[in-house]
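Given the structure is predicted, the values throughout are model-derived calculations rather than measurements. When reading the values below, keep in mind they use all heavy atoms of this one structure, side chains included, and skip hydrogens, waters and symmetry mates.
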Amino acid sequence: MNFLSSIPLSWQTILLLVASNVFMTFAWYGHLKSLATVPWYTAALVSWGIALFEYLLQVPANRIGFQQAGFSVAQLKIMQEVITLLVFLPFAMVYLKQPFKMDFVWAGLCMVGAVYFIFRTP
């Protein structure tokens, strides 16, 4: 964690959320490809194991963001959703071989609007 202490708190939050989202995406969707032939409960147990690493990154990210970096809970949630979209799209296209759709762009633009409204000063 000494490496993280040299990074501004807002970036610590963002980097930890990105890393946690990679684990979350594999936990939620990776089994659709890699564990497609095993029973659902096996996939669930494997996913829970992966999700543990997500939580080990996500909980400190939210604590740093809220307690030290000064983000509101709403700002943390919107950041999480934007990061989720940014991590999920390459995952879906590369790992799950899903085709690109313009709907991804429109969804991203909606997220930009959400970021604007949640981060603007009253």
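Summarising the geometry, atom CG belonging to L89 is positioned 10.0 Å from atom OG1 belonging to T25; distances are rounded to the nearest 0.5 Å. Expressed to the nearest 0.5 Å, how far CD of Q67 lies from CG of N62 amounts to 10.0 Å. Between the CG atom of L15 and the CD1 atom of I64 there is a distance of 10.0 Å, given to the nearest 0.5 Å. Taken from OG in S34 to CG in L96, the straight-line distance is 9.0 Å, to the nearest 0.5 Å. The CG atom of L16 sits 6.0 Å away from atom CG of L57, with the distance rounded to the nearest 0.5 Å.
The nearest pair of heavy atoms linking F66 to F71 is CD1-O, 3.3 Å. Across every non-hydrogen atom of M79 and L17, the tightest pair is CB-CD1, 4.4 Å. In this structure, A69 and T13 approach most closely via the heavy-atom pair CB-OG1, 4.2 Å. When all heavy atoms of A51 and A27 are compared, the pair lying nearest together is N-CB, 3.9 Å.
The list of salt bridge (charged side-chain N to carboxylate O under 4.0 Å, His left out) pairs with a residue in residues 79-97, not counting sequence neighbours, reads K77-E81. Within the structure, no pair that satisfies the salt bridge (charged side-chain N to carboxylate O under 4.0 Å, His left out) test touches residues 4-21, not counting sequence neighbours. Screening residues 16-52 for ring-ring contact (aromatic ring centres under 6.0 Å, His included), with sequence neighbours left out, gives F23-F53, F26-F91, F26-Y95, Y29-F88.
Scanning for side chain to side chain contact (heavy atoms under 4.5 Å, CB included) contacts around P90 gives an empty result, with sequence neighbours left out. Partners of F100 by side chain to side chain contact (heavy atoms under 4.5 Å, CB included), not counting sequence neighbours, listed by chain and number: M93, M102, F104, V105. The side chain to side chain contact (heavy atoms under 4.5 Å, CB included) check on I118 picks up A74, Q75, I78, with sequence neighbours excluded.
Considering only heavy atoms from C-beta on, L35 stays 4.5 Å or farther from T42 through its side chain.
Hydrophobic clustering places V73 together with V115 (ILVMFWY residues linked when any side-chain heavy atoms are closer than 4.5 Å, directly or through intermediates). Note on M24: it clusters hydrophobically with L56, by side-chain heavy-atom contacts below 4.5 Å among ILVMFWY residues. Hydrophobic cluster membership is shared by L109 and F119, with clusters built from Ile, Leu, Val, Met, Phe, Trp and Tyr side chains linked at under 4.5 angstrom.
Between the side chain of Q12 and the backbone N or O of I7 there is at least one donor-acceptor pair closer than 3.5 Å.
Here the options are L86, I83, V82, T84, the test is side-chain contact (heavy atoms from CB on, under 4.5 Å), and the partner is M111; only V82 passes.
The number of heavy-atom neighbours closer than 6.0 Å to OH of Y55, taken from other residues, nucleotides and ligands shown, is 12 or below.
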